[in-house]
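Below you'll find the structure, written out as structure tokens, and then a few comments.
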Amino acid sequence: MKRIYMDYNATTPLLPEVLDAMRPYFSENFSNPASAYQSAQVARNAVEEARIKIAQILNADSSEEIYFTSCGTESNNIVIKGVAFENWDKKGKIITTSIEHKAVLQPFEWLGRYGFEPVFLPVDKYGILNPDEIRKAIDKNTILVSVMWANNEVGTIQPIEEIARICKEYEVPFHTDAVQVGGKLKIDLKEMPVDFLSLSAHKFYGPKGVGVLYARKKARFQPLIHGGEHERKKRAGTLNTPGIVGCAKALEITTKEMELENKRLWHLSEKLINGVLERIPIAIFDGHREKRLANTVHLSFRGVEGESILLSLDLKGVEISSGSACSSADLQISHVLKAMNCDPIAAQGATRFSLGKYNTEDDIDYVLEILPPIIERLKTLSVL
Ligand code: PLP
């Protein structure tokens with residue numbers, strides 16, 4: 001059976017050109033970039049070229065503002081805890097939203113146990129934060145604001161430039177988790193006054209195990225990992241040369257192809273949304289119809305469990321993600337849908353289709369053919 005992958009927000013396959021760029025640094029150019037001999041210089045040059053390339057793509061002032069980490073989760077943790085450590089003595093307020101990825105929510109909750117004051121701002125029914133909420137929440141004790149650029153579950157895009165400008169006005173450091181935006185939307189750090197930004201290579205057809213942290217030159221944060229001089233003493237540990245080279249190559253390719261690919265994905269995703277809503281009366285579209293990532297389609301089916309839909313589609317060769325996690329008899333709904341005030345019964349039937357480079361019109365036609373009978377059958381079996 002043909003497998004159809006529709007879970008590109010979870011991870012993406014490595015592009016062949018990216019693998020080709022990485023290959024020499026696993027074998028013939030394997031040296032530690034921190035060593036002193038000539039072959040290490042080759043590895044060091046490759047890392048620095050990757051850093052320059054990423055800085056240019058993001059329109060950063062300097063490649064010195066780019067730090068390599070192990071993943072998006074680590075980049076987020078460095079910023080949130082690193083800024084908190086910088087303010088450890090005086091503590092302070094840290095502001096985020098209630099729809100962030102756990103890689104932001106959990107560091108915020110953790111810091112709450114050590115005397116910081118975490119604030120989780122509400123969003124509207126589309127999953128969008130009103131920038132006025134930031135204005136209202138900021139006070140003289142605020143040490144950090146962190147708002148994700150685009151949501152991983154529903155794909156909603158935040159008014160990030162406006163939020164960044166408000167933080168600049170109040171001189172509060174601003175971080176954005178842009179893990180779902182890298183390779184999908186244009187990031188211009190000259191236009192966008194963010195102080196910190198997180199990316200993850202495996203979300204844009206690069207390798208797993210490589211994250212990027214952008215930190216504006218004047219932005220202050222303490223390192224989390226000590227043990228060497230790497231990354232200008234902000235993140236110790238031997239650099240992952242092949243991964244870093246692959247990350248830069250993947251960002252270069254996806255940025256170049258972004259406009260055309262977004263048009264194609266928008267067409268496919270609209271076809272999927274309209275097709276499902278026409279064929280399945282209990283289907284509900286979640287999120288914002290226009291202010292969303294072109295690849296992300298979030299649909300709930302009232303009265304059917306999302307996990308059952310995922311498993312049934314998997315048996316037919318289609319791989320998606322469900323928005324609910326089944327723990328014993330208890331179906332827990334996503335914190336994102338909860339924050340959007342979605343109908344809790346419908347939220348138990350949440351599914352996420354995230355499309356990507358290798359999806360075609362035929363894939364959408366196939367889903368539109370197999371999904372209605374799956375939902376019809378599950379409806380009769382459901383306990384909801
Ligand atoms: N932030 C967002 C919005 C994400 O979607 C993810 C991964 O799904 C992460 C952070 C974590 O990234 P990583 O898998 O690189 O740790």
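Note that the numbering runs from 1 along the sequence shown for the chain. Remember, it's 1-based here, ligands and their atoms both numbered in the order they're listed.
Looking at R235, K234, K81 one by one, the single match for salt bridge (Lys or Arg N to Asp or Glu O under 4.0 Å) with E74 turns out to be R235. For the ring-ring contact (aromatic ring centres under 6.0 Å, His included) with F196, the qualifying choice from Y214, F174, F221 is F221, the only one to do so.
Counting only distance, with no hydrogens or angles, the side chain of T12 and the backbone of H202 share a donor-acceptor pair below 3.5 Å.
Taking a cutoff of 4.0 Å between a charged side-chain nitrogen and a carboxylate oxygen, K218 and D61 do not qualify as a salt bridge. Between K168 and D195 there is no salt bridge, since none of the side-chain N atoms of the basic residue sits less than 4.0 Å from a carboxylate O of the acidic one.
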Starting from the N and O atoms of ligand 1, find every protein N or O within less than 3.5 Å and list the pair with its distance.
from: ligand 1; atom 1: 1 (N); to: D177; atom 2: OD1; distance (Å): 3.3
from: ligand 1; atom 1: 1 (N); to: D177; atom 2: OD2; distance (Å): 2.6
from: ligand 1; atom 1: 5 (O); to: Q180; atom 2: NE2; distance (Å): 2.8
from: ligand 1; atom 1: 8 (O); to: K203; atom 2: NZ; distance (Å): 2.6
from: ligand 1; atom 1: 14 (O); to: H202; atom 2: NE2; distance (Å): 2.9
from: ligand 1; atom 1: 15 (O); to: G72; atom 2: N; distance (Å): 2.8
from: ligand 1; atom 1: 15 (O); to: S200; atom 2: OG; distance (Å): 2.6
from: ligand 1; atom 1: 15 (O); to: H202; atom 2: NE2; distance (Å): 3.4
from: ligand 1; atom 1: 16 (O); to: T73; atom 2: N; distance (Å): 3.0
from: ligand 1; atom 1: 16 (O); to: T73; atom 2: OG1; distance (Å): 2.5

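Sparse packing is recorded around CZ of F30, with 12 or fewer heavy atoms of other residues, nucleotides or ligands lying under 6.0 Å away.
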